[in-house]
Number of protein chains: 6
Amino acid sequence: MTALVTIGEAMAVVAAERPGPLTSGAALHLAFAGAEATVAIGVSRLGHTASWTGRVGADSAGTMILQGLRGEAVDVTRARVDASAPTGLMLRECRTQDHTRVTYYRHGLAGSRLTPDDIDPELIAHARILHITGITPALGAGPRAAIRHAVELAGQAGVTVSLDLNYRAKLWSRQDAAAELSDLVTRADIVFASPDEATLIVPEADPATMARALLELGPREAVLKLGAHGAHAVTDEGEAVQNIVPITLVNPIGAGDAFVAGYLTGHLDGAALSTRLHLAATCGAFAVAAHGDWEGLPRRAELDLLLGQDVAR
Amino acid sequence: MTALVTIGEAMAVVAAERPGPLTSGAALHLAFAGAEATVAIGVSRLGHTASWTGRVGADSAGTMILQGLRGEAVDVTRARVDASAPTGLMLRECRTQDHTRVTYYRHGLAGSRLTPDDIDPELIAHARILHITGITPALGAGPRAAIRHAVELAGQAGVTVSLDLNYRAKLWSRQDAAAELSDLVTRADIVFASPDEATLIVPEADPATMARALLELGPREAVLKLGAHGAHAVTDEGEAVQNIVPITLVNPIGAGDAFVAGYLTGHLDGAALSTRLHLAATCGAFAVAAHGDWEGLPRRAELDLLLGQDVAR
Amino acid sequence: MTALVTIGEAMAVVAAERPGPLTSGAALHLAFAGAEATVAIGVSRLGHTASWTGRVGADSAGTMILQGLRGEAVDVTRARVDASAPTGLMLRECRTQDHTRVTYYRHGLAGSRLTPDDIDPELIAHARILHITGITPALGAGPRAAIRHAVELAGQAGVTVSLDLNYRAKLWSRQDAAAELSDLVTRADIVFASPDEATLIVPEADPATMARALLELGPREAVLKLGAHGAHAVTDEGEAVQNIVPITLVNPIGAGDAFVAGYLTGHLDGAALSTRLHLAATCGAFAVAAHGDWEGLPRRAELDLLLGQDVAR
Amino acid sequence: MTALVTIGEAMAVVAAERPGPLTSGAALHLAFAGAEATVAIGVSRLGHTASWTGRVGADSAGTMILQGLRGEAVDVTRARVDASAPTGLMLRECRTQDHTRVTYYRHGLAGSRLTPDDIDPELIAHARILHITGITPALGAGPRAAIRHAVELAGQAGVTVSLDLNYRAKLWSRQDAAAELSDLVTRADIVFASPDEATLIVPEADPATMARALLELGPREAVLKLGAHGAHAVTDEGEAVQNIVPITLVNPIGAGDAFVAGYLTGHLDGAALSTRLHLAATCGAFAVAAHGDWEGLPRRAELDLLLGQDVAR
Amino acid sequence: MTALVTIGEAMAVVAAERPGPLTSGAALHLAFAGAEATVAIGVSRLGHTASWTGRVGADSAGTMILQGLRGEAVDVTRARVDASAPTGLMLRECRTQDHTRVTYYRHGLAGSRLTPDDIDPELIAHARILHITGITPALGAGPRAAIRHAVELAGQAGVTVSLDLNYRAKLWSRQDAAAELSDLVTRADIVFASPDEATLIVPEADPATMARALLELGPREAVLKLGAHGAHAVTDEGEAVQNIVPITLVNPIGAGDAFVAGYLTGHLDGAALSTRLHLAATCGAFAVAAHGDWEGLPRRAELDLLLGQDVAR
Amino acid sequence: MTALVTIGEAMAVVAAERPGPLTSGAALHLAFAGAEATVAIGVSRLGHTASWTGRVGADSAGTMILQGLRGEAVDVTRARVDASAPTGLMLRECRTQDHTRVTYYRHGLAGSRLTPDDIDPELIAHARILHITGITPALGAGPRAAIRHAVELAGQAGVTVSLDLNYRAKLWSRQDAAAELSDLVTRADIVFASPDEATLIVPEADPATMARALLELGPREAVLKLGAHGAHAVTDEGEAVQNIVPITLVNPIGAGDAFVAGYLTGHLDGAALSTRLHLAATCGAFAVAAHGDWEGLPRRAELDLLLGQDVAR
């Protein structure tokens with residue numbers, strides 16, 4: 001039995017070392033990223049089993065991604081190496097210390113070739129949580145069908161479905177996203193959204209109101225991620241707000257996925273809402289205190305490092 | 001009037017700093033490459049005017065490429081920024097010190113969106129040499145038509161056409177390449193080929209025989225590039241062989257294009273065959289003595305550095 | 001016709017990678033700098049033509065500087081390679097994160113060998129703006145005569161003269177600077193100064209008062225650069241204040257020249273004072289958000305990145 | 001005659017370049033550290049003679065440490081190369097930008113093999129200050145005896161004894177430390193302590209009260225180091241508080257030792273208490289403005305850089 | 001069932017980036033190493049299951065090692081995290097390009113705390129090969145007993161025992177090694193040795209003679225590793241010699257372990273002696289063509305890169 | 001008493017990290033160099049006392065040089081910090097792996113401001129060897145007078161004078177050099193020269209003949225340095241030839257000075273000619289096996305590393 005099962009795209013990241021426009025000769029480093037992979041790594045580092053399903057190319061980047069996930073003890077036995085297209089890649093420029101610019105090489109590449117056949121029914125049926133995001137259905141018909149299939153299987157098996165809306169404007173229109181994601185929300189048990197993402201599904205309002213509106217569509221828990229303002233959760237246990245855990249910022253990318261990893265780990269721990277939110281905020285703080293999307297995520301024994309720092313900055 | 005006009009694709013290069021498999025966290029650096037761009041830079045560094053026509057995306061990589069070419073005093077006023085697709089990119093792994101592995105992101109990207117409309121008839125009509133390679137027609141129907149159009153214009157204006165066969169097995173089959181390149185050879189004045197590439201057009205034989213066979217198809221000069229064995233040229237001035245110029249090898253990539261740049265510069269200098277070949281070999285030596293495809297190319301005043309080294313290694 | 005013509009010194013920069021005293025083995029990187037070159041690059045990146053006149057040595061640093069300017073589409077056809085002395089160089093130590101220390105190698109070197117003969121009357125006569133700084137006349141008799149000659153030519157042709165006082169205490173005394181710069185101010189249309197520099201020319205007072213006093217000497221516009229406090233401009237269009245555009249600081253060097261580039265670009269755009277000042281502040285923000293003096297300067301399409309951030313920090 | 005004599009352990013430091021968990025392939029750099037060595041370097045850079053006594057191994061790390069100290073003009077003629085054990089080493093991970101984690105390799109290694117035989121009575125007898133810390137007696141019986149012996153010799157010769165409590169929880173219990181350090185306090189003339197360290201010796205109270213309580217045990221001067229809150233000193237000259245000197249923080253490690261170096265230099269200068277404290281705070285600011293424990297320490301001529309910055313942040 | 005089971009020590013490696021003596025500020029990088037771990041990685045990369053048993057500390061280095069092995073798909077479920085001592089570490093200086101110098105921090109540390117309790121009888125009983133080296137018994141009584149126990153279990157289960165003598169002069173005397181290793185040789189099925197190591201067990205002679213002498217003690221296969229001269233194997237299938245596979249050398253460390261990995265993979269493939277030896281030599285070539293002990297080891301699909309290069313250099 | 005006293009210029013070195021033309025953004029590192037300083041360091045590392053006299057500027061480079069020499073235990077108490085000019089600097093480009101290009105910033109700078117007043121008569125009178133090179137008298141009238149004065153003092157005291165001709169074509173003509181160096185040769189006891197340098201003084205011939213001709217002018221020992229061909233010495237003890245000690249070349253700069261350091265150390269050891277030459281060749285090998293001019297020089301205990309390698313490559 002794997003505690004958390006997630007499905008999505010993982011890509012190579014080629015990221016600039018220094019702020020400023022990219023120039024010939026600029027120093028870069030290689031990494032990998034994927035919202036779902038980050039959640040899987042976060043949950044695994046905190047001690048629960050996690051599995052990632054997706055496709056990578058039969059190339060160096062694909063090998064690197066599987067090696068990285070495996071190193072983090074994420075089960076990749078359901079990941080597929082697809083020799084028909086390269087692994088996706090993003091070139092990340094740090095235009096200023098505060099502004100990242102990305103060129104994506106993902107269209108038609110391995111990660112978007114996911115199909116329902118890639119989904120392992122047994123894996124899902126025995127999971128405690130299936131976590132998906134709004135990125136995967138935006139990648140094409142195959143990934144969309146795969147996600148629907150996975151959610152269907154989870155529903156049949158009574159597995160908790162966690163959905164992070166994660167709207168990506170470069171991949172699809174707000175209209176298309178609203179249609180697909182609205183349907184997924186009705187099938188989800190836990191929904192994560194930024195205020196802007198929430199307005200794809202419910203009328204614009206303050207976070208608490210939007211969270212309550214999301215709950216009316218089916219989910220048991222709606223967590224609004226408010227960036228520097230923390231988070232606001234509405235659940236059948238009640239409501240709670242969470243400030244960010246203060247830390248010196250190195251790189252803001254990945255904070256939202258780290259938050260989700262912490263929150264879902266709290267679920268797997270059987271923790272109460274306030275504890276789940278605090279673990280979520282702590283994971284977010286660790287994530288932004290290091291370079292990379294997931295590299296800074298905490299292991300269980302490291303959580304103490306940030307103890308007693310849960311105050312508004 | 002621009003002495004050398006060339007047309008082709010230029011891509012971002014993301015290259016590993018150290019030999020070994022790519023891993024998460026690996027150090028990389030950014031550069032750009034393109035066989036035709038390398039020739040233009042080589043000719044420009046040696047003091048003749050050169051122009052490059054091609055498409056890049058409206059992104060950081062495209063900006064970097066145009067900035068780099070402009071810095072080398074290559075005219076890019078006919079290059080087009082195409083906002084409909086990203087600039088192509090290649091991820092270069094140095095698997096061992098002796099074996100490079102590349103993943104290409106070029107299919108459907110900006111460089112392959114070239115069309116005959118991108119060709120400036122005035123520019124070609126007033127050039128002394130039009131240089132093309134067998135890579136561009138392999139990129140798609142648009143680039144193929146663009147090259148045919150440019151060669152047509154050069155023919156009408158009596159401009160010397162230089163063709164480097166540059167067969168790329170990842171882009172098209174030997175059959176397709178043979179058909180298209182055979183036609184281009186008949187329209188070219190100068191042809192460069194490796195022995196393997198020559199067999200696309202003429203029966204396999206020793207370099208001298210193949211060079212002579214190429215000449216019978218129309219060109220005035222056929223230069224067989226023999227790698228570590230130098231070069232063998234057959235022209236209407238006669239035949240000549242050229243050893244490589246010995247130097248400590250840093251990176252073999254780009255040697256062939258550097259060779260072409262030197263040879264064509266010799267033409268623009270009005271130099272005799274043996275001088276052209278020696279300049280070609282010298283440029284090849286400079287290219288492999290530095291990292292990058294074109295970064296090591298010599299300026300005129302630097303040629304003396306390697307003087308007196310024209311001996312077989 | 002070139003929109004902006006500027007004349008000055010450009011030097012190689014050898015800059016420490018890390019804060020702390022320089023030690024044997026310390027990592028450095030190479031760059032180039034020059035107040036006037038930065039302005040030319042800034043104007044060029046924002047879409048107007050710009051030309052730089054000056055001397056570099058016949059060495060690697062000189063080649064690097066011309067290549068860099070050319071890459072930025074700055075016209076360097078009037079720059080001269082002077083084989084009689086090396087290109088100037090500065091060694092920049094980052095003694096603490098907040099304190100830079102520089103050793104200059106510029107005395108008698110190529111940049112200071114500028115003479116009136118280097119000035120192209122045609123270039124100036126057809127420019128819209130001639131931009132000069134108080135650094136060049138401090139470099140010696142030749143540069144001083146060259147600047148006077150250029151200003152004379154601009155005056156005859158009715159070309160707008162922009163002067164950034166840029167007092168450098170290591171190059172000349174306040175008395176010498178006051179004498180020369182006072183004369184230049186009377187011939188300038190636009191004057192930029194820090195409060196301290198302004199006191200070379202007018203009595204010490206608050207920025208607005210000093211700006212008004214400068215205007216009485218001849219210029220139509222006086223812009224006091226107030227560092228972290230923004231800027232205060234007094235022009236025949238009226239007065240305006242400008243806050244800085246907030247951004248995470250990477251390296252403060254070059255902010256003042258970036259400001260000038262933005263302001264003069266606004267002029268070339270035909271923009272109103274408040275727009276010129278805002279563009280100036282935005283360029284300053286981009287400059288300090290990256291390493292290097294000019295590397296972070298924005299292109300036109302990038303200005304949006306900082307939109308809506310024009311508030312006092 | 002050497003102005004300052006100090007005795008202790010110096011270790012190699014292997015420190016991560018970037019924040020985040022250590023991974024295979026991570027970039028590190030080599031340095032060395034030791035509380036007493038930092039004090040010796042600080043005093044030497046400010047112009048007084050300083051000597052360091054301790055043991056290093058007959059290995060590359062030992063050579064590096066002696067070379068480094070010698071380069072700083074610290075007398076190492078009494079340091080001993082002990083071939084029976086390697087030089088100690090610490091592996092320093094920057095877990096987040098704000099949290100350092102260290103693995104020590106010091107148990108039984110060269111630095112802990114110090115014995116009373118290593119102490120040069122002549123050197124101490126002619127010194128003006130003997131500086132010791134609470135780290136050395138925690139390293140084992142030999143170092144403890146060596147420190148007692150040195151303090152005895154200093155007492156006999158009327159040499160000022162400076163003691164920085166420097167409690168290290170990884171090396172000994174609070175009980176053991178309290179017993180040994182209480183005895184050393186009674187023999188010291190100057191005592192430095194953090195509030196937490198002070199409670200090993202005197203009852204917990206506000207800094208001023210604890211400093212006064214320390215004075216009653218024998219010392220003439222007690223300086224409480226309060227981190228970001230500056231320092232509070234109680235001496236027979238009176239009491240004084242000192243704010244930190246504001247500076248952009250690069251690395252907080254070594255601030256306390258730098259403070260001591262500045263304070264003791266003030267003593268050697270014959271300066272008054274407020275001047276000693278200000279010099280101490282200035283040294284602390286320099287130390288944290290660069291990477292490394294001691295690398296950023298100021299030379300006398302550099303002190304001006306931070307002049308006029310003695311305000312609370 | 002795991003194809004290859006191995007037991008040993010793995011340590012953090014801190015290695016210099018550049019040749020020359022280590023100095024303060026020198027660039028290093030982190031890696032890990034261990035003869036048995038390298039064999040496990042090599043076998044795993046070539047497609048067979050492999051498991052590593054050993055102890056690491058509860059520290060960053062231990063986490064890094066387990067993460068690295070897991071990333072390579074080596075089973076580490078039997079590895080133990082021992083909080084009572086740090087993970088071993090070696091500081092590797094590249095004194096010249098050709099001479100490495102190492103300081104070891106391993107005495108009493110986690111890797112040497114292995115005991116027979118760490119050995120999983122089930123794992124060994126179901127393995128096809130148990131691979132051990134002469135390093136582990138040299139680490140202390142516990143590791144020695146653990147190895148004896150593992151060999152005993154393998155013998156009972158009829159599992160092939162592979163032994164690489166790997167004599168380490170810094171760990172024990174030739175006498176002690178000879179006594180222990182002679183006993184292990186009698187229990188082994190496959191023995192690897194350098195000529196010097198072989199003389200611990202059998203009289204000094206030419207490689208073939210020594211290999212035959214080793215066979216008389218019990219093993220079915222004796223492989224003499226001859227460095228740049230290749231290898232000489234004597235088995236019950238007959239004898240064979242193998243030249244090295246030529247490649248540009250980057251770092252010779254790890255070649256011997258890579259050779260063993262290739263040879264044992266050949267066994268698991270069911271390959272003939274000449275194929276096993278060729279695979280061994282190919283693995284050795286890959287290992288020395290990259291930095292690190294194991295980082296360059298080939299995956300199955302990469303073996304073709306070196307095809308046709310099996311000639312004496 | 002200091003065993004070896006030397007006088008000369010030391011400069012900052014800013015050296016490229018990678019082969020190829022210098023570009024904006026290129027990685028560099030800082031070091032220092034000076035033929036005489038290299039000899040002093042070499043002798044000091046091998047265990048004899050050495051002192052260096054010269055001038056550096058009151059800047060970061062000057063501090064770095066003195067710190068570096070002091071770290072190597074070279075006595076710099078006679079070195080002078082001259083605030084009237086910056087420390088000299090050279091910018092070193094690695095144009096190809098085999099060709100270095102240098103731009104010097106040394107004219108009129110601190111190192112060339114040496115005067116006879118800088119020479120300490122006591123120091124020289126008690127030395128065993130005074131070592132000078134042909135570089136210092138080429139720097140100007142002051143340094144030339146200083147060298148003459150030092151040689152005069154050595155002659156009076158019966159101190160051995162060692163002279164390395166070290167002709168630098170960028171500093172003076174062959175005629176000027178011949179005149180000055182011929183005079184110094186007559187006053188020297190030991191002369192080092194390349195064949196080309198020897199022809200400044202004696203007629204061109206084979207090395208042995210030229211060495212003998214040099215001996216006729218006064219010296220007791222003439223050592224011809226033949227680069228890759230080793231060395232040929234003619235002394236009153238007889239003649240000897242020495243091959244180079246083979247090693248993988250990293251950087252050839254500094255080999256000649258390292259050779260001199262080894263040879264003179266042999267003298268201070270009281271060793272025979274063949275031993276002196278072998279030590280010289282060993283030092284040369286160490287020097288070229290690391291980056292930098294002197295960084296790779298061996299310590300006494302390291303000499304064994306290259307033992308048994310004294311064969312022609």
Side-chain angles (χ1 to χ4, degrees), chain A residues 15-18 27-32 38 41-42 44-46 64 67-73 94 97 244-255 258 281-309 311 313, chain D residues 13-29 90-104 168-170 174 194-196 199 204 226-229 244-256 284-285 287-293 296 312-313:
Chain A
E17 291 287 331
R18 293 159 60 110
L28 310 164
H29 69 268
L30 185 64
F32 68 89
T38 296
I41 291 170
S44 174
R45 284 200 177 175
L46 289 169
M64 184 246 326
Q67 183 178 27
L69 287 168
R70 214 186 275 119
E72 296 296 335
C94 181
Q97 189 68 46
I244 63 164
V245 174
I247 204 156
T248 297
L249 183 83
V250 168
N251 173 10
I253 300 175
T282 302
C283 287
F286 269 99
V288 302
H291 296 274
D293 296 34
W294 52 266
E295 285 82 344
L297 288 170
R299 293 174 199 280
R300 186 71 68 165
E302 296 171 334
L303 292 171
D304 288 353
L305 273 182
L306 303 195
L307 259 193
Q309 300 193 317
V311 296
R313 248 189 269 211
Chain D
V13 177
V14 172
E17 291 288 333
R18 293 159 60 109
L22 285 175
T23 55
S24 189
L28 309 164
H29 69 268
M90 64 177 89
L91 180 62
R92 239 187 228 162
E93 183 185 29
C94 180
R95 186 54 187 86
T96 78
Q97 189 68 44
D98 309 323
H99 303 90
T100 296
R101 269 200 321 211
V102 179
T103 305
Y104 286 99
R168 291 288 183 271
K170 286 194 178 177
R174 290 186 72 89
S194 69
D196 178 67
T199 64
E204 187 168 356
L226 308 174
H229 300 291
I244 62 165
V245 173
I247 203 156
T248 296
L249 182 83
V250 168
N251 172 10
I253 302 174
V288 301
H291 295 275
D293 296 35
R313 249 190 265 211

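By convention in this document, chain letters (A, B, ...) are assigned in the order of the sequence lines, proteins followed by strands, and residues within each chain are numbered from 1.
Residues Arg101(D) and Glu302(A) have side chains in contact (heavy-atom distance under 4.5 Å, counting atoms from C-beta outward). The shortest distance between side-chain heavy atoms of Leu305(A) and Arg95(D) falls below 4.5 Å.
The two residues Ala290(A) and Gly20(D) have their closest heavy-atom pair at CB-CA, 3.7 Å. Between Pro19(D) and Ala289(A), the closest heavy-atom pair is CB-O, 3.5 Å.
Salt bridge status for Arg18(D) with Glu295(A): absent, with no side-chain N to carboxylate O gap under 4.0 Å.
In this structure, Thr96(D) OG1 and Leu306(A) CG are separated by 6.5 Å, a value rounded to the nearest 0.5 Å. Remark: Asp304(A) CG to His99(D) NE2 distance equals 10.5 Å, nearest 0.5 Å.
Under the 3.5 Å distance criterion, the side-chain polar atoms of Asp98(D) are matched with a main-chain donor or acceptor of Thr248(A).
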